[in-house]
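Computed over heavy atoms, backbone and side chain alike; hydrogens, waters and symmetry mates excluded. Every chain is numbered from 1, with letters handed out A, B, ... down the list of sequences.
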Amino acid sequence: MFEGVLVTTSSGLFASFVGQGGIFRSRDVLRSTYTPKELPHREEQIQELASVLAPALHGETPSNILIYGKTGTGKTAVAKYVGKELEEADAGSTCSVIYLNCEVVDTQYRVLAHLARHFDKDIPMTGWPTDQVYSEFRNALDEKKRVVVIMLDEVDKLVRKGDDVLYNLSRINSDLVQARVSLIGISNDLKFTEFLDPRVKSSLGEDEIIFPPYNAEQIQDILEQRAELAFRPGVLADDVIPLCAAFAAREHGDARRALDLLRIAGEIAERARSQMITEEHVKAARDKIEQDRVEEVIKTLPTQSKLVLYSILLLEEQAARNITTSAVYGMYKQLCPLVEVESLTHRRITDLIAELDMLGILHTVVISKGRYGRTKEISLSVHPPKLKSILLQDYRLKDLANFSVPTQARFGPV
DNA sequence: CCTCCACAGGAAACAGGGGCGA
DNA sequence: TCGCCCCTGTTTCCTGTGGAGG
């Protein structure tokens with residue numbers, strides 16, 4: 001039955017993927033790592049940052065800057081863009097820009113090693129005393145007259161682990177004879193300076209730039225600009241971009257979300273061998289993103305919460321109607337010894353159920369049954385078989401796989 | 001209209017693990 | 001190194017409450 005098909009495509013497993021026109025011209029354009037040539041609706045911030053950094057071109061030291069803004073507001077893109085422009089505008093090659101992401105490079109040693117390597121210094125991954133790495137870096141830096149702009153993306157991650165680096169870097173200029181350093185801190189936590197050493201705070205925050213969230217129209221512009229590069233002409237249905245923008249604007253103006261949505265919609269359309277991306281694909285993409293989020297949340301839940309979820313799952317499986325907190329607690333009590341977990345109190349389970357409700361995994365309603373008391377009715381908002389398979393991925397719960405409800409539990413003494 | 005069920009959910013105490021200064 | 005404090009998750013104790021049945 002399938003032989004015919006196999007023979008015709010035997011030229012290669014991927015033949016059908018190569019042959020078909022495809023939707024994407026370049027899907028990387030829609031990834032967050034891509035830095036576009038133009039940044040719509042960020043002209044103001046670009047100007048501000050550029051005017052602060054401009055003195056570097058005359059060999060003067062620019063002020064240190066802190067850049068604030070929520071995720072997906074273009075902080076990193078603007079910083080990288082301006083950095084690139086600065087290096088290109090610099091004729092005498094006296095200034096350079098070093099970008100590093102403090103979420104990846106997250107300790108004092110690694111930051112300094114990274115900086116020193118930028119000047120072709122050989123620094124081992126580990127082993128040297130930190131101050132040796134520091135002086136190595138400083139010497140390399142001071143070899144000639146130049147201005148170095150250091151961009152620290154997600155500085156807040158660095159602060160959590162002690163801000164010694166920031167302190168050292170912020171006063172490195174007094175240690176230098178020829179070279180000059182200017183710092184740019186990028187943070188999405190507006191309050192992170194509260195945890196900062198006051199000296200670092202005042203030196204780092206000489207200048208501040210705030211990035212407001214995008215609104216729906218602005219996101220739409222960004223999407224249109226990227227879509228032109230990312231997709232083949234004519235594959236986008238008219239309402240796709242406005243829809244993506246509307247979904248993302250609802251989530252506090254995060255452009256990254258909008259781009260993800262568009263990219264995933266494209267991937268879904270491509271997989272479906274569709275010639276066009278339609279509204280349906282965008283909705284499917286939104287659902288997929290939401291599903292992935294829920295899956296991630298469930299996977300990282302503490303064991304106790306997973307047990308509670310599993311209890312509700314079992315109750316749902318035996319088609320119990322109106323699942324109450326105490327029914328869940330009864331089931332939970334039975335499960336605990338099976339996985340060798342200390343059981344918590346009823347009160348605590350009430351809270352765990354409330355948390356699961358908050359996360360959108362459950363849905364609960366408080367109802368009063370008059371004479372017969374007051375309870376919470378609980379229902380799952382995740383597809384039960386799916387939930388089961390996610391929960392059983394946890395090795396601690398594997399013993400529950402073939403557990404079935406003892407009958408006397410259902411019709412036990414009243 | 002009143003009662004009283006069977007819980008919800010607030011308040012406070014508690015446990016124990018980690019970080020920090022002396 | 002020790003003691004102290006703080007933070008988070010938990011327990012204990014408690015008060016509050018919507019509405020069916022009397």
Which nucleotide in dA8(B), dT17(C), dT11(C) has an atom nearest any side-chain atom of R374(A): dT17(C)
Nearest whole angstrom, please: distance from the [atom2] of [N] to the [atom1] of [X].
X       : N       : atom1 : atom2 : answer
E377(A) : dA8(B)  : CD    : P     : 12 Å
E355(A) : dA8(B)  : CD    : C1'   : 15 Å
E342(A) : dG16(B) : CD    : P     : 12 Å
K369(A) : dC4(B)  : NZ    : P     : 20 Å
L352(A) : dT8(C)  : CG    : P     : 16 Å
I349(A) : dA8(B)  : CD1   : C1'   : 15 Å
H346(A) : dC13(C) : NE2   : C1'   : 15 Å
D351(A) : dA12(B) : CG    : P     : 16 Å

Reckon [X] has a side-chain N or O less than 4.0 Å from the OP1 or OP2 of [N]?
X       : N       : result
R371(A) : dC4(B)  : no
K376(A) : dG9(B)  : yes
T345(A) : dT11(C) : yes

Pair D292(A)-K288(A), salt bridge (charged side-chain N to carboxylate O under 4.0 Å, His left out): steps then yes or no: CA-CA 6 Å; D292(A) 290 352; K288(A) 183 182 183 317; 3.0 Å; yes
Derivation and outcome, salt bridge (charged side-chain N to carboxylate O under 4.0 Å, His left out), residues R180(A) and E60(A): CA-CA 8 Å; R180(A) 281 288 170 261; E60(A) 291 167 41; over 6 Å; no
Along DNA chain B (nearest heavy atom to each residue), the more 5'-positioned of S326(A) and R347(A): S326(A)
Toward the 5' end of DNA chain B, by each residue's nearest nucleotide, T325(A) or S368(A): S368(A)
Axial cation check for F24(A) ring with R263(A), 6.0 Å and 45° limits: no
Distance under 6.0 Å and angle within 45° of ring axis: K80(A) vs Y99(A): yes
Donor-acceptor contact present, side-chain S311(A) to main-chain L307(A), <3.5 Å: yes
